[in-house]
Amino acid sequence: MLSQIVSALAVVVVAVFACSAYFYFSNKILDLALPVKDGDIRAASRNLNRRALVRPWLFVGPALFLLIVYLVYPVVATFILSFYDRAGEQFVGVANYKWALGDREFRQSIFNNILWLAVVPAACTFFGLVIAVMTDRIWWGNIAKSIVFMPMAISFVGASVIWKFIYEYRGGNDVQIGLLNAIVQTFGGTPEVWISVPFWNNFFLMVILIWIQTGFAMVILSAALRGIPEETIEAAVIDGANGWQIFWRIMVPQVWGSIAVVWTTITILVLKVFDIVLTMTNGQWQSMVLANLMFNWLFRGGGDSGRSAVIAIIIMLAVTPIMVWNVRRANRELKGH
Amino acid sequence: MKKSFLMGVAVAALFAGAASAADLKFAPGQDSKFNWKSYDEFKAAHADLKGQPLTIFGPWRGEDEAFFMSVLAYFTEATGIEAKYSSSENYEQQIVIDTQAGSPPNIAVLPQPGLLADLASKGYLTPLGDENSKWIKDNYGAGDSWVGYGTYKGKDGKEAFYAFPYKADVKSLVWYVPENFEEAGYKIPTTMEELHALTDQIVKDGGVPWCIGLGSGGATGWPATDWVEDIMLRTQPPEAYDKWTTNELKFTDPAVIAAIDEFGKFAKNEKYVDGGVAAVASTDFRDSPKGLFAVPPKCYMHHQASFIPSFFPEGTKLGQDADFFYMPTFASHPELGKPVLGAGTLVSITKDSKAARAFIDFLKTPIAHEVWMAQSSFLTPYKGVGTEAYANPQMKKEGEILTSATTFRFDGSDLMPGKIGAGAFWTGMVDFVGGKSAQDAAGEIQSAWDGIK
């Protein structure tokens, strides 16, 4: 343990030192290469301009380089790979894409992903907003918020394991140790194997992600609600608006930007959902989603890089518009709209 | 007691890598049931490898890992090679990641010839040479079959011997508790027809005949494939079985569908299985046999391979508290004889080195088998080992099934391409137990197979 801490600290120190050294020396070199001497005023001002042109790139350069190596290159490589066979050696044209369109499991995954997209971001945002509004009014609001926020600290796999116990099923006349089945049994119902009920098991898995992410939505929206000027609400009260109207007509429009941020962030997360499905069902009982399908094609039984690349590209294409929209909207907001 | 013993093994194994003179489970040269001569000869032949590193990746975890470490201790002791063993719950995926990432272990141990054939075709395995394949042929029971299961096409398209079989399992076994059978007056069935009759009889007496559990995390469904394979061998000639594993005989063939349906007769009957049909797919295969030992018994029979005693309750004495009988054949198919379905782990070199070669040589010494045999949960088709070393008469009986086998068939799902044998077949069986017809389930497996052609 101690050796890990020491080495981590050493890495941090070295990294900080290396970064400062890079910026210091690269600037030094730039200054030396384009000198600003007192004698030649024209040359000096030209060099000064050039320096101003180059310097930003010196600062952005390392980040840009890493971005290309770790983001652009993999995307391009994946795209190229999607036209090759399973070993990535023989060019097969669009055969892999054709396969994807005709594959039952692939269509199942697309359907399930859409289901996730329709439910999870909406549910998280809704619950987050409702909790944020309600906890503002009560004295134990902060305690409630902490409790709602706590699942955020749990890893997806950890959360899945917790929920596995909630959905646990014991056969026959055994005592049900699963919370859900215990409740069902108490009320006289028959216990079910929840995670193996086709179609509905998707929802049982979604609950886990909603449980984790509602805290995130709540925190962002709670902050946004605090930012609403008291005057607008007071004015509405004076005008005779009831609670419902204040919420929908005054509060929601004013935090609309934050709702969009929360919604899109969770949407992107949902498109990448993987850990929960892997831990709970691994895509069996028709609960497959794209990320797990890609993983299975890539790693299970020797693997098929072509088909998994196709699935990766499709996930990326699905995420891109949301990202673009999100970035654009953020830019607009920065400009003061 | 058992726990502290295991801990001892694990701890000993842990230190074996660091200090070469670590405790060996059985002191060399003492117990005469071990072939110490082979150990001494191996030691003399590989004395020049001291300090070399060797990484081994395998599927053995928990108890099995501790046993393997105790075997590995002898290897390190003899050669001075610094061997490290690691495993993963999802070892099938992990080995693909490791080989593709260009950082494979020296030795990969896998129970799936289909996956190994895949890795070989991509050039990730090193051929072991004719000398080794000839050795297997001469020294293993049904040696030809074993050589066949280790021979694949390489990247160059040429067939070569890539995988050395070490540790086998016999699958065609039905486990039961003799005491329960005695009390109820049940007899061991000798034909499949009798097995059906016994199943009905148990229900009539108010009991539940079977414990079936298909759960296995990401691999959920595989125990059902064993059932189907066993039934295939009991209803079809071995040639048809071979064709089935290569898809010459389609999954949608009536013979295969009939085999799946035959499994369904047991697993999809609410009264036949402990916990009802719904529990079949969700019960973990490791928990499933525990029903045999409940009082009163939750079930009377459990179809599972020879490794399953590792998951029996602590202190279970084989032969006394639990026993097995051979999964019977149909009286209506006398021409098929008594086929044995089995499986095993295969050792291949994923990164060649002198130490890796030495490890393969080590596996040819009887001592590498006997040390594990003496501790439990290890069978070998190696005819050169002293069967006296087996931990109990039951294992000896199973071991002799292997060494005397003439027709031995490897677990079919492990022979099929990974996408089928470690994917579509599992999912198909889960769907089948979940309510799909055998026709539909088989159709989906077949279309998955068509998809990878």
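Worth saying up front: this structure is predicted, and the values here are computed from it rather than measured. So that the names make sense, note that chain A is the first sequence line, chain B the second, and so on, each numbered from 1.
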Using a cut-off of 6.0 Å, state whether more than 12 heavy atoms not belonging to A/Phe199 lie near its atom CZ. yes
For chain A, the option from B/Ile95, B/Thr427, B/Thr99 that forms the most heavy-atom pairs under 4.5 Å: B/Thr427
Counting only heavy atoms not in A/Phe274 (residues, nucleotides, ligands), do more than 12 fall under 6.0 Å from its CZ? yes
So which bits of residues 276-289 of chain A come within less than 4.5 Å of chain B, counting non-hydrogen atoms only? A/Asn282, A/Gln284, A/Trp285, A/Gln286
Is atom NZ of B/Lys250 surrounded by more than 12 heavy atoms (other residues, nucleotides or ligands) closer than 6.0 Å? yes
Does anything in residues 99-118 of chain A get under 4.5 Å of chain B by heavy atoms, and if so which residues? A/Trp99, A/Arg104, A/Glu105
Hey, are B/Lys122 and A/Glu89 close enough for a salt bridge, meaning a charged N less than 4.0 Å from a carboxylate O? no
Output the option from B/Ile420, B/Asp287, B/Asn90, B/Thr220 having the highest count of non-hydrogen pairs under 4.5 Å with chain A. B/Thr220
Neighbour count >12 (heavy atoms, 6.0 Å) for atom CE, A/Met316: yes
Does any backbone or side-chain atom of B/Thr283 lie under 4.5 Å from a heavy atom of chain A? Answer side chain, backbone, both or neither. neither
Using 0.5 Å steps for rounding, measure from the CZ atom of A/Arg86 to the OG atom of B/Ser121. 5.5 Å
Between A/Glu168 and chain B, with a heavy-atom cut-off of 4.5 Å, which part of the residue counts as in contact: side chain, backbone, both or neither? neither
Considering all heavy atoms of both residues, which atom of A/Tyr169 and which atom of B/Ser282 are nearest to each other, and what is their separation? CD2-OG, 3.8 Å
Residue pair B/Val96 / A/Leu298: nearest heavy atoms and the distance that separates them: CG1-O, 3.9 Å
For A/Tyr70, is the OH atom crowded, meaning more than 12 foreign heavy atoms sit under 6.0 Å from it? no
Counting heavy-atom pairs under 4.5 Å with chain A, the top scorer among B/Gly291, B/Gly421, B/Ala278 is B/Ala278
At what distance, to the nearest 0.5 angstrom, does NZ of B/Lys419 lie from CG of A/Asn296? 5.0 Å
Examine whether an atom of B/Gln94 lies under 4.5 Å from a heavy atom of chain A, and if so say whether it belongs to the side chain, the backbone or both; otherwise answer neither. neither
